[in-house]
Protein chains: 2
Amino acid sequence: MNDTTPNLRRRAGRTGCAVEATMSVLGGIWKPVLVFHLLPGRVRFNALCRLTPNATARMITLQLRELEADGIIRRIVYPEVPPKVEYELTALGRTLEPILLSLREWGAAFQDRHANTAA
Amino acid sequence: MNDTTPNLRRRAGRTGCAVEATMSVLGGIWKPVLVFHLLPGRVRFNALCRLTPNATARMITLQLRELEADGIIRRIVYPEVPPKVEYELTALGRTLEPILLSLREWGAAFQDRHANTAA
DNA sequence: CGGCATCCCACCCGATACTG
DNA sequence: CAGTATCGGGTGGGATGCCG
């Protein structure tokens, strides 16, 4: 098996830090990005790949599986040819929205800052 | 050198996703936790270790160095014997506060949910 | 199209020992 | 106390190829 957040997953809660609990779900650089891209609605697998060019399809698959296992997203398979698979946020997943918006907002400001400061 | 977020760091911004930019700074499971524990004020190295028992001292050192390089935290060395080092958030680091609070809030709810549902 | 299996290398990270 | 240096195992994750 190939787990992105190996043995940390369920131990996080016990340390008393709720932040770790969140990170045990959103841990890994791609999960927040994937969830973020799912905020507007259902997205096809390939579209997610295009939206996340720095990650390989393999990684995206793995991360999506973990998010699914944690009840953050739902996987919708259309029994057609050619195959079509969409992903969408669950109700639980949608509760992450404020976090993702914060992340995007801060990231945008950080990018600006670096655009002005460094190269 | 030992970098936790190797070649992803500065590339993140260009992909057009601000969330990745944030993750290039907060990436790694321990960084959010460390920043979170620095919210109240200056904290000594050993105290951070105690607050983050799942991470080794080595990892904490490494992560702190990266956060320092990104301008999130400041390292304060007291020229005494025995040595004393404290860490505190920079102004930029303090702008992460809403994110951390969101993470904590969600994590707390998630822990509750799992306390009721599973196990 | 979507995704899994395999191979395989790089690198992460824990443990230990040492320094100022 | 607060690190750094080094070693070594384990594993994350990229590339490739095949299947439904």
Side-chain angles (χ1 to χ4, degrees), chain A residues 1-9 11-12 15 20 23-24 26-34 37-38 42-69 73-88, chain B residues 1-9 11-12 15 20 23-24 26-34 37-38 42-69 73-88:
Chain A
M1 186 50 183
N2 210 340
D3 194 334
T4 315
T5 53
N7 44 16
L8 186 107
R9 301 196 65 68
R11 314 179 58 103
T15 67
E20 291 188 30
M23 296 312 291
S24 75
L26 278 186
I29 308 100
W30 305 119
K31 288 188 190 176
V33 180
L34 292 172
H37 287 134
L38 288 173
R42 297 188 181 180
V43 182
R44 295 193 62 164
F45 178 78
N46 263 356
L48 280 176
C49 289
R50 259 175 263 115
L51 289 168
T52 320
N54 289 330
T56 62
R58 171 198 165 88
M59 277 318 294
I60 294 177
T61 301
L62 260 34
Q63 307 272 31
L64 287 173
R65 288 290 182 281
E66 293 190 14
L67 288 171
E68 189 186 8
I73 65 173
R74 188 180 358 263
R75 185 164 174 264
I76 303 160
V77 182
Y78 297 82
E80 340 174 324
V81 175
K84 172 179 171 184
V85 177
E86 287 183 334
Y87 293 89
E88 73 176 354
Chain B
M1 187 50 183
N2 211 338
D3 194 334
T4 315
T5 53
N7 44 15
L8 186 106
R9 302 196 64 68
R11 314 179 57 103
T15 68
E20 292 187 28
M23 296 312 291
S24 75
L26 279 185
I29 307 98
W30 304 118
K31 288 187 189 176
V33 180
L34 291 172
H37 287 134
L38 288 173
R42 297 187 182 180
V43 181
R44 295 193 61 165
F45 178 78
N46 262 357
L48 280 175
C49 289
R50 259 175 263 116
L51 289 168
T52 319
N54 288 331
T56 61
R58 173 198 165 85
M59 278 317 295
I60 295 178
T61 301
L62 260 34
Q63 307 271 28
L64 287 174
R65 288 288 184 280
E66 292 190 15
L67 288 171
E68 189 187 9
I73 64 173
R74 186 178 3 260
R75 187 166 174 263
I76 303 160
V77 182
Y78 297 82
E80 339 174 323
V81 177
K84 173 178 170 182
V85 176
E86 286 184 334
Y87 293 89
E88 73 175 355

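Residue numbers begin at 1 in each chain, while the letters A, B, ... track the order of the sequences.
The interatomic distance linking A/Q63 (CD) with C/dG3 (C1') rounds to 15 Å, in whole Å. Taking atom CG of B/N54 as the reference point, atom P of C/dA15 lies 12 Å away to the nearest angstrom. D/dA2 atom P lies 15 Å from atom CD of B/E68, rounded to whole Å. Counting to the nearest Å, the P atom of D/dG12 and the CH2 atom of A/W30 are 17 Å from each other. Rounded to whole angstrom, the span from the CZ atom of A/R58 across to the P atom of C/dT6 amounts to 12 Å. What separates NZ of B/K84 from P of D/dG3 is a distance of 13 Å, to the nearest Å. Summarising the geometry, the separation between CD on B/E80 and P on C/dG20 is reported as 19 Å, rounded to the nearest angstrom. Going from atom CG of A/L48 over to atom C1' of C/dG3 covers 14 Å, rounded to whole Å.
Of all nucleotides listed (D/dA2, C/dG2, C/dG3), C/dG3 comes nearest to the side chain of A/T61. Looking at the side chain of B/V85, the nearest of the listed nucleotides D/dG3, C/dC1, D/dC1 is D/dG3. Candidate nucleotides D/dA15, D/dA2, C/dG2 were compared by shortest atom distance to the side chain of A/P83, and C/dG2 ranks first.
B/Y87 comes within 4.0 angstrom of the backbone, heavy atoms only, and of no base.
Contact annotation: B/R65 reaches the phosphate of D/dT4 (side-chain N/O to OP1 or OP2, under 4.0 Å). A sub-4.0 Å separation between OP1 or OP2 of D/dA2 and a side-chain N or O of B/R44 is present. Between B/T56 and C/dC13 there is no side-chain N or O to OP1 or OP2 distance below 4.0 Å. Taking 4.0 angstrom as the limit, A/R75 places a side-chain polar atom (N or O) nearer than this to OP1 or OP2 of C/dG3.
Here the side chains of A/F45 and A/K84 are not in contact, with every heavy-atom distance at 4.5 Å or above. With a 4.5 Å cut-off on side-chain heavy atoms, B/H37 and B/T52 count as touching. The shortest distance between side-chain heavy atoms of B/L34 and B/Y87 does not fall below 4.5 Å. Side-chain contact between B/T56 and B/M59: present, with at least one pair of heavy atoms (C-beta onward) separated by less than 4.5 Å.
Between A/E68 and A/R75 there is no salt bridge, since no side-chain nitrogen of the basic residue lies less than 4.0 Å from a carboxylate oxygen of the acidic one.
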